[in-house]
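Taking it in order: structure first as structure tokens, then the write-up.
All values below were derived from every heavy atom in this structure, side-chain atoms included, with hydrogens, water molecules and symmetry-related copies excluded. This one's a predicted model, so the numbers in the text were calculated from it and none came from an experiment. Labels below follow one simple rule: chain letters A, B, ... track the order of the sequence lines, proteins then strands, and each chain is numbered from 1.
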Amino acid sequence: MSEAAAPATDIPPFRYTAAMAEEIEHRWQDTWEREGTFHAPNPTGPLADPDHPRAGAEKLYVLDMFPYPSGAGLHVGHPLGYIGTDCYARYQRMAGRNVLHAMGFDAFGLPAEQYAVQTGTHPRTTTEANIERYKAQLRRLGLAHDERRSVATIDTDFYRWTQWIFLQVFNSWYDPRAGRARPVAELIAEFEGGTRPTPDGRPWAELTVVERRKVVDDHRLAYVSEAPVNWCPGLGTVLANEEVTADGRSERGNFPVFKRNLKQWMMRITAYGDRLLADLDTLDWPEPIKMMQRNWIGKSTGAHIDFPTDQGPVRVFTTRPDTVFGATYMVLAPEHELVDVLVPAAWPEGTKEAWTGGHASPRAAVEAYRKAAAAKTDVERQAETKEKTGVFVGAYATNPVTGGRVPIFIADYVLAGYGTGAIMAVPAQDERDWDFAEVFDLPIVRTVQPPAGFDGKAYTGDGPAVNSAAPDRGVDLNGLGVADAKARIIEWLEANGHGAGAVTWRLRDWLFSRQRYWGEPFPIVYDSTGAPIALPESMLPVELPEVDDFSPKTFDPQDADSNPETPLSRRRDWVEVELDLGDGPKRYTRETNVMPQWAGSCWYELRYLDPTNSARFVAPENEAYWMGPQQPGDCGGTDLYVGGQEHAVLHLLYARFWHKVLYDLGYVSSFEPFRRLFNQGMIQAYAFTDPRGTYVPAQEVVEVDGRYFHGETEVRREYGKMGKSLKNVVTPDEMCAAYGADTFRVYEMSMGPLEVSRPWETRAVVGSYRFLQRVWRTVVDEQTGELRVTDAPADEATRRLLHKVIDGVRGDMEGIRFNTAIAKLIELTNGLTRLAETPREVAEPLVLMVAPFAPHIAEELWRRLGHDSTLAYVDFPTADPALLVAETVTYPVQVNGKVRGRIEVAADAAEDAVRAAALEAVAGSLGGKEPRKVIVVKGRMVSVVA
RNA sequence: GCCCCCGUAGCCCAACUGGCAUGAGGCAAUGCACUCAAACUGCAUAAAGUGUGGGUUCGAGUCCCACCGGGGGCACCA
């Protein structure tokens, strides 16, 4: 046996290696778990602990967007945010705060169910196994979670409260006068007392029981409606607007989605449109996310205007009522309900050929156009954005200000679902209307004067109104700017009964039911009238029953006319139930839809606060402590919420909505759930394709002079996501095995700012490994295992470096700039490796500062430095301000913007002295000339203008 | 088409409110030490003038304008 086969023997016995890291990491993870190191004390209840070192301290609630336990397991990108929050939470805990950080699982919903369907096992079985796998993978990373608070949305103890919250929503209505939700009991009391008129004016007492229930149901925040919804045959369920992509497909699975009239559960999120919009201003969120929510809510301010026709008025919505004098035609959505009423038997006298679409009668033209429009997919409609189509319905309306006769068209560029589904067309001030007017040869009248030199078509900017007066009707906008003209015309419309100022929203009510199995059952039954009845709280939870076949009934993805069938409806013995709801045992039918996957994530952050509470979903004291407003006007909520951008208008909007309902009903003291939001970047990866376009394992690709080879074959590099099909997945498990969890954590945190996406590069991980080895070596002798720490004081330079680093690291930790914090720690460590022995006064703070990033090695070194308890609650080092100010400052001296010399002066030198020294230093460059100007920037530099 | 964000050594990234790019830090590269050799480790070195073109300023990576490139959002929303 040759000597070459003897590896590792010359590695120093006490070097920090992957094997040693693994041993240290497992030992400390066990210690933390055994001692409950990261348990955070509550003010009240079973999780209260007055003896805890942080009991009563300033609180900090750090939250991650909890994961789906998908069957694919984790890759190195997934834990990025979790490691980030862990570093932040560990730092804040050492800085003196009582930190709550827990991790749960969002385990209901389509992905979990689809995975279960694929593998042919019960979703609960696969989901629970996945949760265990996730927990093990996350535990290996040393995340400091309070594991007592871990919840999963599929736990009966959890979803009974999801159902309970649903009941609160169901039993509430939105009072627009109060601007908040109130219990329906108060609504009924108002009807009974006569202080609120019934919809048809009859006294409440004269309404039948069924009629009364209908009136109340129409007010509820959760209600059943028969309305056009997004039906996705491929998934066998309906979907919320937020789950449908811009090109009309399901976000999950990418199946076509069709509009169908179906009876479904809705949540009245539109009632909260104003508050969801306005309260964005109270939030510390990334601006792009706020912008996406604003766009989604889509508030438009303008007016409703009625255009009289022989068949009654047609109401339009416009944001530009000031341009009504230029409304030369009208357009209704093809589906608009008045179209059928308006269509006459024959084309009126003088109908232009182009308007008829070549049809003999308006009826035929309308039918044909509708059919063509319905057959088009959204993608096709988008592809044809430029080409305007439409057809004249054969009827005219009257422009209420000009009295002019305007033709009425239908066209698919007007959407049935927005505003009133009808517009007044003002080609001169609207590009779409201009395009349409050109195609159909319709008159164009400018009512806003474009600026001189304007050579475009429609002019949408500001300018004085022209052609906008009707003296006989008492209205004259001419000369007014757009804003003034709007105000004036709205006044006139209201005074003359032609319309009123109005606000329109893009936001639709939230479609809340799914025809799937793996979700929370509704706590709802129906009696013989078919109206929903809430089950009393005492009957919660309504447990998800076992079924033989939990697969949803899916259809041909293109089969728009198929009808949903809920898996729960197959369990007739569960559906048909006899209950005593206070008036004796009766037969009822259960609701067989389930809630959407978003339900549990709408409130899980509240359950972490009080996970064992069986009397309430959260005790008010616990909510107020962890999430309550911190000063008057503060919205409250979690102090940090970290997750991906993909939830901008789904989870984040729904959760805000539920939280506001709970706030209105007095269950929580915060009116926003997430005070501060942080979007972590994505870890991306290179993938490689061979000439046939097949992916080759990224691990096996080698780089030669900027080209990439897989064996002999040159391969093409592409940059994107990490995924099985791209053969470029790297798992945290591999990294932990090769380097240890601490190295992996340090690497992920040092790659760049947390919010920036960056490519994964396995070969760069070694840099973080070497750093931790150096940290180890500053404290422990690699050959003997002895401490190489001295109690002698540090030299001045080392001490100053230490305090500069402490100061910088604290700032970076507060600002979530972990990459620069780590750079400073590396700088300090590199400064120490030059010393023969490490002064204890530097070694201890270094270990403490490393702890948030590499907690296991830090605990181990802390122990070796002679401390016998965890460092998790040891004060984070504080910089001595006296050591931060330098005694002397070196000023660069610029002459005409170029550095020509340097001077070193006392830090407190007067400006005149600095100026004199600087001029002397650059006298040569000035060549005896008198400088024109000398600028001294205190503590920075001197600039001389020659 | 409209809106937002970003372009700094071969690569990932620093640079506080405009103020020294001897780049904070890391990877890769090169050299040296250790080794029979290598790996590991350590020490050292080289390498951009900040996407392009203008402007403001004593001074611009940082501010303004235009353009180019990359990423994201919205997309007939009246």
Side-chain angles (χ1 to χ4, degrees), chain A residues 2-4 7-8 10-12 15 17 246-247 286-289 291-292 295-296 298-300 302 316-320 323 331 381-382 384-386 388 411-415 417-426 429-433 435-436 504-506 645 648-649 703 705-706 719 746-747 750-753 755-771 773-774 777 782 805 808 811 815 817 819-827 829-830 833-834 890-899 902 931-935 937-946:
Chain A
S2 76
E3 280 184 357
D10 50 354
I11 290 179
R15 172 166 290 176
T17 60
D247 52 353
E287 206 47 49
I289 300 286
M291 186 54 68
M292 284 161 74
N295 285 342
W296 188 261
K299 181 179 184 176
S300 298
V316 304
F317 174 75
T318 176
T319 56
R320 293 293 302 275
T323 62
V331 184
R381 278 172 67 154
Q382 275 179 37
E384 301 165 4
T385 352
K386 295 278 177 273
K388 289 282 178 290
D412 62 4
Y413 83 94
V414 172
L415 309 177
Y418 185 78
T420 60
I423 62 157
M424 63 177 204
V426 188
Q429 275 86 229
D430 185 289
E431 283 161 18
R432 297 152 301 182
D433 295 345
D435 292 345
F436 191 88
T504 292
W505 304 84
R506 208 181 90 107
Q645 262 189 318
V649 290
E703 184 187 343
D705 298 330
Y719 180 56
V746 170
Y747 176 63
S750 64
M751 289 165 80
E755 66 271 29
V756 171
S757 294
R758 54 268 145 90
W760 177 263
E761 200 183 355
T762 296
R763 68 176 180 178
V765 178
V766 69
S768 301
Y769 187 53
R770 288 181 192 143
F771 162 56
Q773 285 183 328
R774 285 200 296 277
R777 211 157 31 228
E782 286 191 331
V805 167
R817 293 185 299 268
N819 54 324
T820 51
I822 291 171
K824 291 178 176 87
L825 293 172
I826 293 173
E827 194 183 356
T829 306
N830 291 351
T833 54
R834 284 184 264 279
T890 304
Y891 283 84
V893 184
Q894 289 186 349
V895 178
N896 292 339
K898 290 230 161 57
V899 179
R902 290 172 196 285
R932 283 194 301 169
K933 200 169 174 186
V934 180
I935 295 147
V937 186
K938 188 87 174 128
R940 292 268 181 213
M941 64 168 331
V942 181
S943 184
V944 179
V945 191

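- Comparing A/Arg777 and A/Gly767 by the nucleotide of RNA chain B that holds the closest heavy atom to each, the one mapping nearer the 5' end is A/Gly767.
- In the set B/A78, B/C40, B/C74, B/C74 carries the atom at the smallest distance from any side-chain atom of A/Arg506.
- Applying the side chain to side chain donor-acceptor pair (under 3.5 Å) criterion to A/Gln429, with sequence neighbours excluded, gives A/Thr447.
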(Q) Across nucleotides 8-14 of chain B, 5' to 3', mark each nucleotide with B, S or - according to how protein heavy atoms within less than 4.0 Å reach it. (A) ----SSS

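- Between B/C58 and A/Lys933, a contact under 4.0 Å exists linking OP1 or OP2 to a side-chain N or O.
- Judged by distance alone, with hydrogens and angles left aside, the side-chain atoms of A/Arg777 form no donor-acceptor pair with the main-chain N or O of A/Glu782 at under 3.5 Å.
- Distance, A/Asp433 CG to B/C76 C1': 10 Å, rounded to whole Å.
- The nearest whole Å value for the distance from the CG atom in A/Asp435 to the P atom in B/A78 is 16 Å.
- Nucleotides B/A28 and B/C36 place their P atoms 25 Å apart, quoted to the nearest Å.
- Backbone-only engagement by A/Asn830 is indicated by non-hydrogen atom pairs under 4.0 Å involving sugar-phosphate atoms exclusively.
- Atom P of nucleotide B/G72 and atom CG of A/Asn295 are separated by 17 Å, given to the nearest angstrom.
- When the P atom is compared between B/A29 and B/A38, the two are found 15 Å apart, to the nearest whole Å.
- Straight-line distance from the CZ atom of A/Phe771 to the P atom of B/A24: 18 Å, rounded to whole Å.
- The CD1 atom of A/Ile935 lies 9.5 Å from the CD atom of A/Gln894; values are rounded to the nearest 0.5 Å.
- If you take atom C1' in B/U45 and the same atom in B/C5, they sit 37 Å apart, rounded to whole Å.
- Contact check for A/Thr318 versus A/Val426: no side-chain heavy atoms found under the 4.5 Å cut-off.
- A pairwise comparison of heavy atoms in A/Tyr747 and A/Val765 identifies CD2-CG2, 3.6 Å as the closest pair.
- Rounded to whole angstrom, the span from the CG atom of A/Leu825 across to the C1' atom of B/G25 amounts to 11 Å.
- A gap of 16 Å separates the P atoms of B/A15 and B/A9, to the nearest Å.
- If you check every strand for non-hydrogen atoms under 4.0 Å, A/Met292 touches sugar and phosphate atoms only.
- When the side-chain nitrogen and oxygen atoms of A/Arg817 are compared with OP1 and OP2 of B/A15, none of them lie within a distance under 4.0 Å.
- Side-chain nitrogen and oxygen atoms of A/Arg770 include none within less than 4.0 Å of the OP1 or OP2 phosphate oxygen of B/G26.
- Nucleotides B/U52 and B/C32 are separated by 42 Å at their C1' atoms, to the nearest Å.
- As rounded to the nearest Å, B/C68 and B/U57 have C1' atoms that lie 26 Å from one another.
- For A/Ala823, there are no side chain to side chain contact (heavy atoms under 4.5 Å, CB included) partners at least two apart in sequence or on another chain.
- Within the shown strands, B/G73 is the pairing partner of B/C2 under the Watson-Crick or G-U definition, both distances less than 3.5 Å.
- Under the Watson-Crick or G-U wobble criterion, with both distances below 3.5 Å, B/C63 is paired with B/G55.
- Distance A/Met424 CE to B/A78 P: 12 Å, rounded to the nearest Å.
- When each of A/Val765 and A/Gln645 is assigned the nucleotide of RNA chain B with its nearest heavy atom, A/Val765 is the one assigned upstream, toward the 5' end.
- The P atoms of B/G49 and B/A66 are separated by 27 Å, rounded to the nearest whole Å.
- Using a 4.0 Å heavy-atom cutoff across all strands shown, A/Ala823 reaches at least one base atom of the nucleic acid.
- Rounded to an integer number of Å, the gap from A/Lys388 NZ to B/A75 P is 16 Å.
- Look at B/A29: its Watson-Crick or wobble partner, with both distances under 3.5 angstrom, is B/U45.
- Between A/Thr833 and B/C43, a side-chain N or O to OP1/OP2 separation shorter than 4.0 Å is present.
- Scanning for side chain to side chain donor-acceptor pair (under 3.5 Å) contacts around A/Ser300 gives A/Tyr418, with sequence neighbours left out.
- If you take CE of A/Met291 and P of B/A75, they are 14 Å apart, rounded to a whole angstrom.
- What you find for A/Asn295 and A/Arg506 is that their closest heavy atoms are O-NE, 3.3 Å.
- Remark: A/Asp430 pairs with A/Arg432 by the salt bridge (charged side-chain N to carboxylate O under 4.0 Å, His left out) rule, at least two apart or across chains.
- Counting any heavy atom pair closer than 4.0 Å across all strands shown, A/Ile935 reaches a base atom.
- Taking atom P on both nucleotides, B/G25 is separated from B/C43 by 12 Å, rounded to a whole Å.
- A/Ser757 pairs by the side chain to side chain donor-acceptor pair (under 3.5 Å) definition with nothing, not counting sequence neighbours.
- In this structure, of B/C58, B/C76, B/C40, it is B/C76 that holds the atom nearest to the side chain of A/Tyr413.
- Taking 90° from 0 as the syn/anti boundary, the base of B/G71 is oriented anti.
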